[in-house]
There are 2 protein chains.
Amino acid sequence: MKKKPKFIQNNVNENQESEKKKKILTSAIKIIGDKGYQNATIAEIAKDAGIGDATIYEYFKSKEDLLLAIPVEITKELIPLINDHMMGIKGALNKLRKFIWWWLNYVEKNPGYGSIVLLELKTSKTYVFNEAYQAARNFYKIVLDIIKEGQEEGSIKKEINIFLARSICVGAIEHIIIRWLLKDRKYSLTQYADELADLLINSLKKNEPNISNKHL
Amino acid sequence: MKKKPKFIQNNVNENQESEKKKKILTSAIKIIGDKGYQNATIAEIAKDAGIGDATIYEYFKSKEDLLLAIPVEITKELIPLINDHMMGIKGALNKLRKFIWWWLNYVEKNPGYGSIVLLELKTSKTYVFNEAYQAARNFYKIVLDIIKEGQEEGSIKKEINIFLARSICVGAIEHIIIRWLLKDRKYSLTQYADELADLLINSLKKNEPNISNKHL
DNA sequence: TCTTATCTCGAATAAAATTCGGAAATTTCA
DNA sequence: TGAAATTTCCGAATTTTATTCGAGATAAGA
(Lines give C-alpha, C1' and ligand atoms only; values in the text may rest on other atoms or scores of the structure.)
Protein backbone atom coordinates (compact mmCIF):
# COMPACT_ATOMS: atom_id res chain seq x y z
CA MET A 1 0.00 0.00 0.00
CA LYS A 2 1.66 3.20 -1.06
CA LYS A 3 1.45 6.61 0.43
CA LYS A 4 -0.79 9.18 -1.26
CA PRO A 5 -0.01 12.88 -1.77
CA LYS A 6 -0.23 15.19 1.21
CA PHE A 7 -3.69 16.54 1.88
CA ILE A 8 -6.21 13.76 1.83
CA GLN A 9 -9.78 13.31 2.89
CA ASN A 10 -10.21 11.95 6.38
CA ASN A 11 -10.88 8.70 4.61
CA VAL A 12 -9.04 5.77 3.12
CA ASN A 13 -7.32 6.01 -0.23
CA GLU A 14 -10.11 6.16 -2.80
CA ASN A 15 -8.31 5.84 -6.07
CA GLN A 16 -7.08 2.46 -7.20
CA GLU A 17 -9.76 0.75 -5.07
CA SER A 18 -7.82 -0.99 -2.32
CA GLU A 19 -8.18 -4.75 -2.26
CA LYS A 20 -9.81 -4.46 1.12
CA LYS A 21 -12.61 -2.37 -0.28
CA LYS A 22 -13.14 -4.90 -3.03
CA LYS A 23 -13.13 -7.70 -0.51
CA ILE A 24 -15.81 -5.94 1.52
CA LEU A 25 -17.92 -5.43 -1.59
CA THR A 26 -17.55 -9.04 -2.60
CA SER A 27 -18.63 -10.23 0.83
CA ALA A 28 -21.47 -7.73 0.87
CA ILE A 29 -22.80 -8.96 -2.47
CA LYS A 30 -22.58 -12.50 -1.22
CA ILE A 31 -24.29 -11.94 2.12
CA ILE A 32 -26.82 -9.26 1.13
CA GLY A 33 -27.61 -11.03 -2.13
CA ASP A 34 -28.29 -14.17 -0.20
CA LYS A 35 -30.13 -13.03 2.93
CA GLY A 36 -31.34 -9.61 1.86
CA TYR A 37 -30.32 -6.22 3.18
CA GLN A 38 -32.48 -6.49 6.29
CA ASN A 39 -31.12 -9.79 7.46
CA ALA A 40 -27.52 -9.23 6.50
CA THR A 41 -25.52 -7.86 9.43
CA ILE A 42 -22.41 -5.77 9.29
CA ALA A 43 -20.85 -8.28 11.66
CA GLU A 44 -21.41 -11.12 9.22
CA ILE A 45 -20.14 -9.19 6.23
CA ALA A 46 -17.05 -8.17 8.19
CA LYS A 47 -16.43 -11.73 9.29
CA ASP A 48 -16.76 -13.01 5.72
CA ALA A 49 -14.31 -10.37 4.57
CA GLY A 50 -11.93 -11.32 7.37
CA ILE A 51 -11.86 -7.91 9.02
CA GLY A 52 -13.30 -6.18 12.04
CA ASP A 53 -16.75 -4.59 11.98
CA ALA A 54 -15.42 -1.09 12.47
CA THR A 55 -13.15 -1.37 9.46
CA ILE A 56 -16.13 -1.39 7.13
CA TYR A 57 -16.88 2.12 8.29
CA GLU A 58 -13.46 3.25 7.10
CA TYR A 59 -14.54 2.47 3.56
CA PHE A 60 -18.28 3.09 3.63
CA LYS A 61 -20.23 5.73 5.47
CA SER A 62 -23.01 3.39 6.50
CA LYS A 63 -24.64 0.08 5.77
CA GLU A 64 -26.83 1.79 3.21
CA ASP A 65 -23.82 3.37 1.55
CA LEU A 66 -22.33 -0.09 1.23
CA LEU A 67 -25.52 -1.34 -0.40
CA LEU A 68 -25.54 1.50 -2.88
CA ALA A 69 -21.89 0.99 -3.76
CA ILE A 70 -22.59 -2.49 -5.08
CA PRO A 71 -24.45 -1.59 -8.29
CA VAL A 72 -22.01 1.22 -8.96
CA GLU A 73 -19.10 -1.19 -8.89
CA ILE A 74 -20.72 -4.01 -10.77
CA THR A 75 -22.35 -1.92 -13.45
CA LYS A 76 -18.98 -0.40 -14.18
CA GLU A 77 -17.80 -3.86 -15.16
CA LEU A 78 -21.07 -4.91 -16.75
CA ILE A 79 -21.48 -2.29 -19.43
CA PRO A 80 -18.22 -3.03 -21.25
CA LEU A 81 -19.08 -6.71 -20.99
CA ILE A 82 -22.46 -6.38 -22.64
CA ASN A 83 -21.11 -4.01 -25.26
CA ASP A 84 -18.53 -6.60 -26.06
CA HIS A 85 -21.22 -9.23 -26.56
CA MET A 86 -23.14 -6.86 -28.77
CA MET A 87 -20.29 -6.38 -31.21
CA GLY A 88 -20.76 -7.75 -34.67
CA ILE A 89 -24.52 -8.08 -34.32
CA LYS A 90 -26.32 -6.32 -37.13
CA GLY A 91 -29.78 -4.85 -36.82
CA ALA A 92 -31.51 -3.35 -33.78
CA LEU A 93 -33.95 -6.20 -33.38
CA ASN A 94 -31.17 -8.76 -33.29
CA LYS A 95 -29.37 -6.65 -30.73
CA LEU A 96 -32.50 -6.46 -28.63
CA ARG A 97 -32.83 -10.24 -28.72
CA LYS A 98 -29.24 -10.67 -27.71
CA PHE A 99 -29.59 -8.13 -24.90
CA ILE A 100 -32.60 -9.93 -23.46
CA TRP A 101 -30.82 -13.25 -23.56
CA TRP A 102 -27.66 -11.80 -22.06
CA TRP A 103 -29.44 -10.13 -19.19
CA LEU A 104 -31.49 -13.16 -18.20
CA ASN A 105 -28.41 -15.29 -18.45
CA TYR A 106 -26.33 -12.94 -16.32
CA VAL A 107 -28.89 -12.82 -13.52
CA GLU A 108 -29.32 -16.57 -13.62
CA LYS A 109 -25.59 -16.91 -13.02
CA ASN A 110 -25.40 -14.01 -10.54
CA PRO A 111 -28.66 -14.10 -8.59
CA GLY A 112 -27.10 -12.20 -5.69
CA TYR A 113 -26.45 -9.20 -7.88
CA GLY A 114 -29.91 -9.45 -9.45
CA SER A 115 -31.51 -9.61 -6.07
CA ILE A 116 -29.69 -6.53 -4.85
CA VAL A 117 -30.42 -4.43 -7.93
CA LEU A 118 -34.01 -5.48 -8.46
CA LEU A 119 -35.27 -6.10 -4.96
CA GLU A 120 -33.18 -4.40 -2.30
CA LEU A 121 -31.99 -1.22 -3.89
CA LYS A 122 -35.25 0.51 -4.58
CA THR A 123 -36.24 0.73 -0.93
CA SER A 124 -33.36 3.05 -0.23
CA LYS A 125 -34.65 6.56 0.17
CA THR A 126 -31.47 8.06 -1.16
CA TYR A 127 -31.20 5.76 -4.16
CA VAL A 128 -32.33 8.30 -6.73
CA PHE A 129 -29.81 10.86 -5.53
CA ASN A 130 -26.97 8.39 -5.48
CA GLU A 131 -24.67 7.41 -8.31
CA ALA A 132 -26.19 3.93 -8.04
CA TYR A 133 -29.20 5.35 -9.83
CA GLN A 134 -26.99 6.77 -12.56
CA ALA A 135 -25.42 3.36 -12.98
CA ALA A 136 -28.84 1.82 -13.50
CA ARG A 137 -29.71 4.54 -16.00
CA ASN A 138 -26.58 3.81 -18.00
CA PHE A 139 -27.64 0.22 -18.16
CA TYR A 140 -31.16 0.99 -19.34
CA LYS A 141 -29.75 3.42 -21.85
CA ILE A 142 -28.49 0.47 -23.85
CA VAL A 143 -32.09 -0.52 -24.56
CA LEU A 144 -33.02 3.03 -25.44
CA ASP A 145 -30.14 3.24 -27.90
CA ILE A 146 -31.15 -0.01 -29.54
CA ILE A 147 -34.68 1.31 -30.00
CA LYS A 148 -33.43 4.58 -31.47
CA GLU A 149 -31.18 2.68 -33.83
CA GLY A 150 -34.12 0.53 -34.91
CA GLN A 151 -36.20 3.57 -35.71
CA GLU A 152 -33.38 5.07 -37.71
CA GLU A 153 -32.74 1.95 -39.73
CA GLY A 154 -36.48 1.50 -40.23
CA SER A 155 -36.95 -1.80 -38.44
CA ILE A 156 -38.91 -0.30 -35.53
CA LYS A 157 -42.09 1.73 -35.89
CA LYS A 158 -41.34 5.44 -35.91
CA GLU A 159 -44.57 6.40 -34.21
CA ILE A 160 -43.69 4.59 -30.97
CA ASN A 161 -42.60 6.69 -28.01
CA ILE A 162 -39.10 5.43 -27.33
CA PHE A 163 -39.33 5.87 -23.57
CA LEU A 164 -42.51 3.87 -23.44
CA ALA A 165 -40.93 1.23 -25.63
CA ARG A 166 -38.03 1.03 -23.23
CA SER A 167 -40.41 0.74 -20.27
CA ILE A 168 -42.10 -2.21 -21.90
CA CYS A 169 -38.86 -4.00 -22.65
CA VAL A 170 -37.18 -3.33 -19.33
CA GLY A 171 -40.40 -3.80 -17.39
CA ALA A 172 -41.12 -7.17 -18.91
CA ILE A 173 -37.59 -8.49 -18.41
CA GLU A 174 -37.44 -7.27 -14.83
CA HIS A 175 -40.85 -8.65 -14.02
CA ILE A 176 -39.80 -12.09 -15.20
CA ILE A 177 -36.55 -11.87 -13.27
CA ILE A 178 -38.26 -10.72 -10.09
CA ARG A 179 -40.71 -13.62 -10.17
CA TRP A 180 -37.78 -15.95 -10.60
CA LEU A 181 -35.85 -14.37 -7.74
CA LEU A 182 -38.82 -14.57 -5.42
CA LYS A 183 -39.51 -18.18 -6.27
CA ASP A 184 -37.10 -21.00 -5.72
CA ARG A 185 -34.87 -20.08 -8.69
CA LYS A 186 -34.81 -23.72 -9.65
CA TYR A 187 -36.06 -23.39 -13.20
CA SER A 188 -34.03 -21.81 -15.97
CA LEU A 189 -34.47 -18.12 -16.65
CA THR A 190 -32.86 -18.13 -20.08
CA GLN A 191 -35.51 -20.50 -21.38
CA TYR A 192 -37.82 -17.50 -21.62
CA ALA A 193 -35.40 -15.37 -23.59
CA ASP A 194 -36.50 -16.36 -27.07
CA GLU A 195 -40.23 -16.27 -26.55
CA LEU A 196 -40.00 -12.97 -24.70
CA ALA A 197 -37.84 -11.52 -27.44
CA ASP A 198 -40.32 -12.69 -30.08
CA LEU A 199 -43.17 -10.97 -28.30
CA LEU A 200 -41.31 -7.72 -27.67
CA ILE A 201 -39.84 -7.56 -31.16
CA ASN A 202 -43.21 -8.26 -32.65
CA SER A 203 -44.75 -5.35 -30.79
CA LEU A 204 -42.04 -2.90 -31.86
CA LYS A 205 -41.17 -3.91 -35.37
CA LYS A 206 -42.56 -2.25 -38.41
CA ASN A 207 -44.68 -4.63 -40.42
CA GLU A 208 -43.38 -5.25 -43.87
CA PRO A 209 -46.50 -5.15 -45.99
CA ASN A 210 -45.08 -6.97 -48.99
CA ILE A 211 -44.15 -9.98 -46.89
CA SER A 212 -46.99 -10.16 -44.44
CA ASN A 213 -49.56 -9.99 -47.19
CA LYS A 214 -48.24 -12.39 -49.71
CA HIS A 215 -50.77 -14.99 -48.70
CA LEU A 216 -53.70 -12.81 -49.70
CA MET B 1 -65.18 -2.49 23.15
CA LYS B 2 -67.25 -5.56 23.67
CA LYS B 3 -66.34 -8.83 25.27
CA LYS B 4 -65.77 -11.77 22.94
CA PRO B 5 -66.99 -15.36 23.37
CA LYS B 6 -65.18 -17.65 25.78
CA PHE B 7 -62.18 -19.46 24.34
CA ILE B 8 -59.99 -17.14 22.38
CA GLN B 9 -56.52 -17.25 21.01
CA ASN B 10 -53.90 -15.74 23.20
CA ASN B 11 -54.36 -12.77 20.96
CA VAL B 12 -56.73 -9.91 20.49
CA ASN B 13 -60.16 -10.37 18.96
CA GLU B 14 -59.53 -11.14 15.31
CA ASN B 15 -62.98 -11.14 13.80
CA GLN B 16 -64.64 -7.86 13.02
CA GLU B 17 -61.25 -6.17 12.76
CA SER B 18 -61.16 -3.92 15.79
CA GLU B 19 -60.92 -0.24 15.03
CA LYS B 20 -57.58 -0.19 16.76
CA LYS B 21 -56.14 -2.66 14.29
CA LYS B 22 -57.43 -0.57 11.42
CA LYS B 23 -56.00 2.54 12.97
CA ILE B 24 -52.60 0.89 13.25
CA LEU B 25 -52.75 -0.20 9.62
CA THR B 26 -53.74 3.26 8.49
CA SER B 27 -50.86 4.82 10.37
CA ALA B 28 -48.50 2.15 9.09
CA ILE B 29 -49.44 2.81 5.47
CA LYS B 30 -48.96 6.50 6.05
CA ILE B 31 -45.59 6.28 7.77
CA ILE B 32 -44.08 3.33 5.90
CA GLY B 33 -45.43 4.56 2.57
CA ASP B 34 -43.81 7.90 3.22
CA LYS B 35 -40.44 7.07 4.79
CA GLY B 36 -40.02 3.46 3.75
CA TYR B 37 -39.97 0.35 5.90
CA GLN B 38 -36.40 0.90 7.09
CA ASN B 39 -36.88 4.41 8.29
CA ALA B 40 -40.32 3.98 9.73
CA THR B 41 -40.12 3.17 13.43
CA ILE B 42 -42.67 1.32 15.51
CA ALA B 43 -42.56 4.23 17.92
CA GLU B 44 -43.64 6.66 15.22
CA ILE B 45 -46.40 4.44 13.90
CA ALA B 46 -47.69 3.93 17.45
CA LYS B 47 -47.59 7.64 18.12
CA ASP B 48 -49.48 8.38 14.93
CA ALA B 49 -52.08 5.79 15.88
CA GLY B 50 -52.31 7.31 19.35
CA ILE B 51 -51.31 4.15 21.22
CA GLY B 52 -48.31 2.74 23.03
CA ASP B 53 -45.56 0.91 21.16
CA ALA B 54 -46.26 -2.38 22.87
CA THR B 55 -49.88 -2.34 21.80
CA ILE B 56 -48.89 -2.84 18.19
CA TYR B 57 -47.53 -6.23 19.20
CA GLU B 58 -50.95 -7.25 20.44
CA TYR B 59 -52.21 -7.04 16.89
CA PHE B 60 -49.15 -7.92 14.82
CA LYS B 61 -46.42 -10.41 15.53
CA SER B 62 -43.64 -8.15 14.33
CA LYS B 63 -42.83 -5.10 12.29
CA GLU B 64 -42.55 -7.30 9.22
CA ASP B 65 -45.91 -8.87 9.94
CA LEU B 66 -47.41 -5.41 10.04
CA LEU B 67 -45.84 -4.61 6.67
CA LEU B 68 -47.21 -7.77 5.12
CA ALA B 69 -50.67 -7.15 6.53
CA ILE B 70 -51.00 -3.95 4.52
CA PRO B 71 -51.37 -5.44 1.03
CA VAL B 72 -53.59 -8.18 2.37
CA GLU B 73 -55.99 -5.65 3.82
CA ILE B 74 -55.96 -3.22 0.94
CA THR B 75 -56.12 -5.74 -1.86
CA LYS B 76 -59.19 -7.20 -0.21
CA GLU B 77 -60.90 -3.87 -0.77
CA LEU B 78 -59.27 -3.23 -4.14
CA ILE B 79 -60.41 -6.24 -6.12
CA PRO B 80 -64.13 -5.62 -5.73
CA LEU B 81 -63.45 -2.00 -6.57
CA ILE B 82 -61.70 -2.72 -9.84
CA ASN B 83 -64.23 -5.40 -10.77
CA ASP B 84 -66.90 -2.81 -10.24
CA HIS B 85 -65.16 -0.42 -12.61
CA MET B 86 -64.82 -3.20 -15.17
CA MET B 87 -68.53 -3.89 -15.32
CA GLY B 88 -70.29 -3.09 -18.53
CA ILE B 89 -67.09 -2.84 -20.54
CA LYS B 90 -67.23 -5.07 -23.58
CA GLY B 91 -64.19 -6.66 -25.19
CA ALA B 92 -60.94 -7.76 -23.60
CA LEU B 93 -58.87 -5.01 -25.16
CA ASN B 94 -61.18 -2.33 -23.81
CA LYS B 95 -61.00 -3.96 -20.39
CA LEU B 96 -57.22 -3.98 -20.58
CA ARG B 97 -57.21 -0.30 -21.40
CA LYS B 98 -59.50 0.46 -18.51
CA PHE B 99 -57.43 -1.66 -16.15
CA ILE B 100 -54.25 0.18 -17.05
CA TRP B 101 -55.89 3.52 -16.54
CA TRP B 102 -57.46 2.47 -13.26
CA TRP B 103 -54.24 1.13 -11.81
CA LEU B 104 -52.16 4.16 -12.72
CA ASN B 105 -54.87 6.40 -11.35
CA TYR B 106 -55.15 4.48 -8.10
CA VAL B 107 -51.43 4.63 -7.40
CA GLU B 108 -51.32 8.30 -8.28
CA LYS B 109 -53.95 8.90 -5.62
CA ASN B 110 -52.49 6.41 -3.14
CA PRO B 111 -48.73 6.60 -3.55
CA GLY B 112 -48.14 5.23 -0.05
CA TYR B 113 -49.85 1.99 -0.94
CA GLY B 114 -48.06 1.83 -4.29
CA SER B 115 -44.75 2.40 -2.63
CA ILE B 116 -45.32 -0.39 -0.13
CA VAL B 117 -46.51 -2.92 -2.68
CA LEU B 118 -44.01 -2.16 -5.41
CA LEU B 119 -40.92 -1.12 -3.48
CA GLU B 120 -40.93 -2.32 0.11
CA LEU B 121 -42.70 -5.64 0.03
CA LYS B 122 -40.41 -7.61 -2.18
CA THR B 123 -37.46 -7.38 0.14
CA SER B 124 -39.24 -9.40 2.78
CA LYS B 125 -37.83 -12.89 2.86
CA THR B 126 -41.15 -14.36 3.90
CA TYR B 127 -43.23 -12.47 1.36
CA VAL B 128 -43.69 -15.41 -1.00
CA PHE B 129 -44.91 -17.63 1.80
CA ASN B 130 -47.27 -15.05 3.17
CA GLU B 131 -50.84 -14.36 2.16
CA ALA B 132 -49.62 -10.96 0.98
CA TYR B 133 -48.18 -12.77 -2.02
CA GLN B 134 -51.51 -14.47 -2.66
CA ALA B 135 -53.19 -11.09 -2.58
CA ALA B 136 -50.79 -9.79 -5.23
CA ARG B 137 -51.45 -12.88 -7.34
CA ASN B 138 -55.18 -12.30 -7.19
CA PHE B 139 -54.60 -8.83 -8.46
CA TYR B 140 -52.42 -9.95 -11.37
CA LYS B 141 -54.93 -12.65 -12.16
CA ILE B 142 -57.27 -9.96 -13.42
CA VAL B 143 -54.85 -9.27 -16.26
CA LEU B 144 -54.47 -12.94 -16.99
CA ASP B 145 -58.22 -13.36 -17.20
CA ILE B 146 -58.55 -10.44 -19.57
CA ILE B 147 -55.92 -11.99 -21.84
CA LYS B 148 -57.65 -15.37 -21.78
CA GLU B 149 -60.94 -13.72 -22.58
CA GLY B 150 -59.33 -11.90 -25.49
CA GLN B 151 -57.99 -15.13 -26.92
CA GLU B 152 -61.38 -16.75 -26.62
CA GLU B 153 -63.24 -13.92 -28.28
CA GLY B 154 -60.55 -13.74 -30.96
CA SER B 155 -59.27 -10.25 -30.31
CA ILE B 156 -55.90 -11.39 -28.96
CA LYS B 157 -53.48 -13.61 -30.86
CA LYS B 158 -53.92 -17.24 -29.89
CA GLU B 159 -50.26 -18.09 -30.32
CA ILE B 160 -49.12 -15.81 -27.51
CA ASN B 161 -48.13 -17.40 -24.22
CA ILE B 162 -50.59 -15.89 -21.77
CA PHE B 163 -48.16 -15.77 -18.89
CA LEU B 164 -45.62 -13.96 -20.97
CA ALA B 165 -48.32 -11.59 -22.13
CA ARG B 166 -49.22 -10.88 -18.53
CA SER B 167 -45.57 -10.29 -17.67
CA ILE B 168 -45.33 -7.70 -20.39
CA CYS B 169 -48.45 -5.87 -19.31
CA VAL B 170 -47.78 -5.98 -15.57
CA GLY B 171 -44.07 -5.39 -16.02
CA ALA B 172 -44.57 -2.31 -18.15
CA ILE B 173 -47.16 -0.78 -15.84
CA GLU B 174 -45.10 -1.45 -12.75
CA HIS B 175 -41.96 -0.13 -14.34
CA ILE B 176 -43.66 3.15 -15.15
CA ILE B 177 -45.11 3.36 -11.64
CA ILE B 178 -41.79 2.60 -9.97
CA ARG B 179 -40.02 5.34 -11.91
CA TRP B 180 -42.74 7.73 -10.84
CA LEU B 181 -42.51 6.65 -7.21
CA LEU B 182 -38.76 7.05 -7.17
CA LYS B 183 -38.88 10.47 -8.79
CA ASP B 184 -40.63 13.43 -7.30
CA ARG B 185 -44.13 12.21 -8.18
CA LYS B 186 -44.93 15.67 -9.42
CA TYR B 187 -46.00 14.77 -12.94
CA SER B 188 -49.20 12.92 -13.69
CA LEU B 189 -49.08 9.15 -13.96
CA THR B 190 -52.40 8.74 -15.73
CA GLN B 191 -51.16 10.78 -18.67
CA TYR B 192 -49.31 7.65 -19.81
CA ALA B 193 -52.32 5.39 -19.61
CA ASP B 194 -53.57 5.82 -23.16
CA GLU B 195 -50.28 5.61 -24.96
CA LEU B 196 -49.19 2.65 -22.88
CA ALA B 197 -52.48 0.91 -23.56
CA ASP B 198 -52.10 1.56 -27.29
CA LEU B 199 -48.70 -0.01 -27.33
CA LEU B 200 -49.66 -3.05 -25.25
CA ILE B 201 -52.90 -3.63 -27.11
CA ASN B 202 -51.11 -3.33 -30.39
CA SER B 203 -48.64 -6.00 -29.42
CA LEU B 204 -51.32 -8.45 -28.30
CA LYS B 205 -54.15 -7.93 -30.72
CA LYS B 206 -54.75 -10.10 -33.68
CA ASN B 207 -54.31 -8.15 -36.88
CA GLU B 208 -57.38 -8.00 -39.02
CA PRO B 209 -56.01 -8.62 -42.51
CA ASN B 210 -58.96 -7.17 -44.38
CA ILE B 211 -58.55 -3.85 -42.63
CA SER B 212 -54.79 -3.53 -42.40
CA ASN B 213 -54.35 -4.32 -46.06
CA LYS B 214 -57.01 -2.27 -47.66
CA HIS B 215 -54.50 0.35 -48.76
CA LEU B 216 -52.65 -2.11 -50.95
C1' DT C 1 -69.48 -5.12 44.13
C1' DC C 2 -66.25 -8.78 43.17
C1' DT C 3 -63.99 -11.97 40.03
C1' DT C 4 -61.99 -12.96 35.86
C1' DA C 5 -60.62 -12.43 31.38
C1' DT C 6 -58.90 -9.04 28.25
C1' DC C 7 -56.40 -4.89 26.86
C1' DT C 8 -52.90 -1.46 27.28
C1' DC C 9 -48.58 0.43 27.80
C1' DG C 10 -44.20 2.02 30.63
C1' DA C 11 -40.11 0.08 31.42
C1' DA C 12 -36.67 -3.57 30.80
C1' DT C 13 -34.23 -6.40 27.37
C1' DA C 14 -31.93 -7.57 23.14
C1' DA C 15 -29.86 -7.05 18.82
C1' DA C 16 -27.63 -4.53 15.53
C1' DA C 17 -25.53 -0.19 13.58
C1' DT C 18 -22.32 3.24 14.48
C1' DT C 19 -18.61 5.84 16.99
C1' DC C 20 -14.46 6.30 19.77
C1' DG C 21 -9.86 6.02 21.07
C1' DG C 22 -5.87 4.03 20.73
C1' DA C 23 -2.84 0.10 19.00
C1' DA C 24 -0.60 -1.72 14.88
C1' DA C 25 1.27 -1.07 10.50
C1' DT C 26 3.21 1.56 6.96
C1' DT C 27 5.51 5.48 4.98
C1' DT C 28 8.52 9.40 5.04
C1' DC C 29 12.76 11.48 5.36
C1' DA C 30 16.78 12.81 8.17
C1' DT D 1 18.45 2.61 9.33
C1' DG D 2 15.48 4.64 12.89
C1' DA D 3 11.92 7.10 14.65
C1' DA D 4 8.33 10.56 13.75
C1' DA D 5 4.25 11.03 11.10
C1' DT D 6 0.60 9.21 8.87
C1' DT D 7 -2.65 5.79 7.81
C1' DT D 8 -5.16 1.63 8.72
C1' DC D 9 -7.44 -1.33 11.70
C1' DC D 10 -10.39 -2.93 15.35
C1' DG D 11 -12.20 -4.03 20.46
C1' DA D 12 -15.17 -1.99 23.25
C1' DA D 13 -18.56 1.53 24.36
C1' DT D 14 -22.64 3.94 22.68
C1' DT D 15 -26.99 4.51 20.40
C1' DT D 16 -30.96 3.25 18.20
C1' DT D 17 -34.85 0.25 17.66
C1' DA D 18 -37.50 -3.83 17.80
C1' DT D 19 -39.45 -6.84 21.02
C1' DT D 20 -40.86 -8.77 25.61
C1' DC D 21 -42.46 -8.46 30.43
C1' DG D 22 -45.44 -7.69 33.88
C1' DA D 23 -48.45 -4.87 36.28
C1' DG D 24 -52.29 -1.75 36.18
C1' DA D 25 -56.72 -0.48 33.66
C1' DT D 26 -61.06 -1.81 31.73
C1' DA D 27 -65.10 -4.34 30.83
C1' DA D 28 -68.40 -8.50 31.53
C1' DG D 29 -70.95 -11.39 34.11
C1' DA D 30 -72.43 -13.14 38.66
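Every chain is numbered from 1, with letters handed out A, B, ... down the list of sequences. In what follows, every heavy atom counts, from backbone to side chain, and hydrogens, waters and symmetry copies are set aside.
- Atom CD1 of A:Ile42 and atom C1' of D:dT16 are 15 Å apart (whole Å).
- Between B:Lys20 and the phosphate of C:dT8, there is a side-chain N or O to OP1/OP2 separation shorter than 4.0 Å.
- Protein atom CG of B:Leu66 is 17 Å distant from nucleotide atom P of D:dT17, rounded to whole Å.
- Residue A:Tyr57 places no side-chain N or O under 4.0 Å from the OP1 or OP2 atom of D:dC10.
- Using a distance-only test at 3.5 Å, with no hydrogens or angles considered, a donor-acceptor pair links the side chain of A:Ser62 to the main chain of A:Asp65.
- Put simply, A:Tyr59 has no side-chain N or O that comes within less than 4.0 Å of OP1 or OP2 on D:dT8.
- As rounded to whole Å, 14 Å separates atom C1' of C:dA16 from atom CD1 of A:Ile32.
- Annotation: proximity of residues 46-53 of chain A to DNA chain D (heavy atom, distance under 4.0 Å) is found for A:Ile51, A:Gly52, numbered in ascending order.
- Atom C1' of nucleotide D:dT17 and atom OH of B:Tyr37 are separated by 11 Å, given to the nearest angstrom.
- A salt bridge links A:Asp194 with A:Arg97: the distance from a Lys NZ or Arg NE/NH1/NH2 to an Asp or Glu carboxylate oxygen falls below 4.0 Å.
- In this structure, B:Thr55 reaches the bases: a heavy-atom distance under 4.0 Å links it to at least one base atom across the strands shown.
- If you take NZ on A:Lys125 and CG on B:Leu182, they are separated by 8.5 Å, rounding to the nearest 0.5 Å.
- Here D:dC9 presents its C1' atom at 13 Å from NZ of A:Lys23, a figure rounded to the nearest Å.
- Aromatic rings from B:His175 and A:Tyr140 are positioned such that their centres are separated by under 6.0 Å.
- Rounding to whole angstrom units, CD of residue A:Glu58 and C1' of C:dC20 are separated by 11 Å.
- Within the 6.0 Å centre-distance limit, the rings of B:Trp103 and B:Phe139 are counted as a close aromatic pair.
- Residue B:Lys63 places no side-chain N or O under 4.0 Å from the OP1 or OP2 atom of D:dT17.
- Residue A:Ala54 has its side chain nearest to C:dC20 when only C:dC20, D:dT20, C:dA17 are considered.
- Rounding to whole angstrom units, CD1 of residue A:Ile45 and C1' of C:dA16 are separated by 12 Å.
- A side-chain donor-acceptor contact under 3.5 Å links A:Asn130 to the backbone of A:Ala132.
- Atoms CD (A:Glu19) and C1' (D:dT7) sit 15 Å apart, rounded to a whole Å.
- Here B:Ile146 contributes atom CD1 and B:Ile142 contributes atom CD1; the two are 7.5 Å apart, rounded to the nearest 0.5 Å.
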